[in-house]
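Here's the structure, in structure tokens; my notes come after.
These values consider heavy atoms only, across backbone and side chains, with no hydrogens, waters or symmetry-generated copies. Counting begins at 1 with the first residue of the sequence. When a ligand or atom number is given, it counts from 1 through the structure's own listing order.
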Amino acid sequence: MGKIELREDFSLKVPDEVEIPYIEGDGIGPDITKAVIKVINASLDKAYQGKRKILWKEVLAGEKAYQEVGNYLPEETLKTIKECVVAIKGPLTTPVGGGFRSINVTLRQVLDLYACIRPVKWIPGTPSPVRYPEKVNMVVFRENTEDVYAGIEYPASSWEAKRLIEFIKENFKKEIREDSGIGIKPISEFGSKRLIRKAIKYALENGYPSVTLVHKGNIMKFTEGAFRNWGYELAKEEFGDLTVAEEEIPVKYPEGVPKGIVIIKDRIADAMFQWVLLRPEEFSVLATPNLNGDYLSDALAAQVGGLGMAPGANIGDGYAVFEATHGSAPKYAGLDKANPSSLLLSGKMMLEYLGWKEAADLIWKALVKTIQQKIVTYDLARELKGAKEVRCSEFAEFLIKNLYEEEE
Ligand code: NAD
């Protein structure tokens, strides 16, 4: 039994019996977490016959933590996740009321998880609102620490807002209405480049043909526009031989771009919402500032079956927290009804991150097979003709059965 070792170059040394902390989550969290742990354990058993194992270690956060230790995010939880490097979490209810820092935001900040990564791929058989969901195969890399989400915001008429308005008027001769709230949008070269670097590395390592920088630089030149420019600059400086800017293709590769070379392109954010619907096959890895990525990830998830099916992870330099992308759906808490697929696919991402690809592949195959058999939870059953609706725990049992029947 052991902990993951984080090497100096931020790669992981993973022992065969690895300790992984998990946060059960609020609302539907306990139901889906229980199901997912069972399926992941089965995938490891089938793939490695006992040679590789996860030793699950529960850490507290959210309502359960508040009830047991009077704190929504105990210090102990942060410490354990940091020591173990990789963790998985169910959804957490955001407590209502002022003065509270979101648990998700705190986790991101403490571990500096600067990239929110969302793979978006259709599972055959999943109900989808578009005609060709099979054409969608994208991975969104969303910057997680900057932009209008940096938390530098002041309400209208506060002294901070008034002083900023005055300062801007006096020093920069720009008028802002007196009754305005003010938010600041910082986008740095450091923050942009480390995110885009991660996206390009991912595309190269996983055989994706392009990285698209999605920005609104035509309007916000020195934040979103700079994100785009820094992206091209970084690609040239650090991955010069392995990438090509889209506009350089006719000169550099008139016969066509060779396999293995990643095309760097950019699209304006609003147009991008059209392109992902009209020509999804032209895009693979996307790198975006925080706000664009937030909108785009959910819109893309809808194209392939909704948030109940969409996995995600927040990753920094080595540290990684894998999570369900939906919320805690309190309406369905304890009913054993929720769809565990989002958390399960996040678990699959986690296995890939650990380098345990065989188990990850088994999970994908089992999920595809189960959905094609039209065995689904209530959320998909209502959109799928002829579906057999099962409970969350039953869905896990069917997944495990299919997983064991899978050829290796
Ligand atoms: P939600 O995602 O929890 O639920 C909205 C609706 O989506 C549910 O009523 C349900 O119909 C459906 N749904 C969601 N997940 C499902 C699943 N796995 N299976 C089947 N159906 C599912 O969104 P909400 O109601 O806006 O938020 C509830 C709470 O969750 C809030 O406190 C919110 O802040 C929090 N939240 C947490 C996270 C997170 O931890 N990452 C993300 C989003 C929302």
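One finds no salt bridge joining Arg194 and Glu189 here, because no Lys/Arg side-chain nitrogen approaches an Asp/Glu carboxylate oxygen to under 4.0 Å. Remark: Asp16 does not engage Lys53 in a salt bridge, criterion side-chain N to carboxylate O under 4.0 Å. Look at Lys38 and Glu397 and you find a salt bridge, because one of the NZ, NE, NH1 or NH2 atoms lies within 4.0 Å of a carboxylate O, short of that distance.
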Which pairs would a plain distance check flag for residues 310-319, meaning a side-chain donor or acceptor within less than 3.5 Å of a matching protein atom at least two apart in sequence or in another chain?
{"residue": "Asn314", "atom": "OD1", "partner": "Asn144", "partner atom": "ND2", "Å": "2.8"}
{"residue": "Asn314", "atom": "ND2", "partner": "Glu323", "partner atom": "OE2", "Å": "3.2"}
{"residue": "Asp317", "atom": "OD1", "partner": "Tyr114", "partner atom": "OH", "Å": "2.6"}

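Each ring pair (Phe, Tyr, Trp, His ring centres under 6.0 Å) pair with one or both residues in residues 127-148, not counting sequence neighbours, appears once here: Phe141-Tyr202. For residues 207-217, the set of pairs meeting the side-chain hydrogen bond (donor to acceptor under 3.5 Å, both in side chains) definition, not counting sequence neighbours, comprises Ser210-Ser284, His215-Asp266, Lys216-Asp270.
At a 4.0 Å heavy-atom cut-off, the residues surrounding ligand 1 are Ile28, Lys89, Pro91, Leu92, Thr93, Thr94, Asn104, Glu323, His326, Gly327, Ser328, Ala329, Pro330, Tyr332, Ala338, Asn339, Tyr378, Asp379, listed by chain and number.
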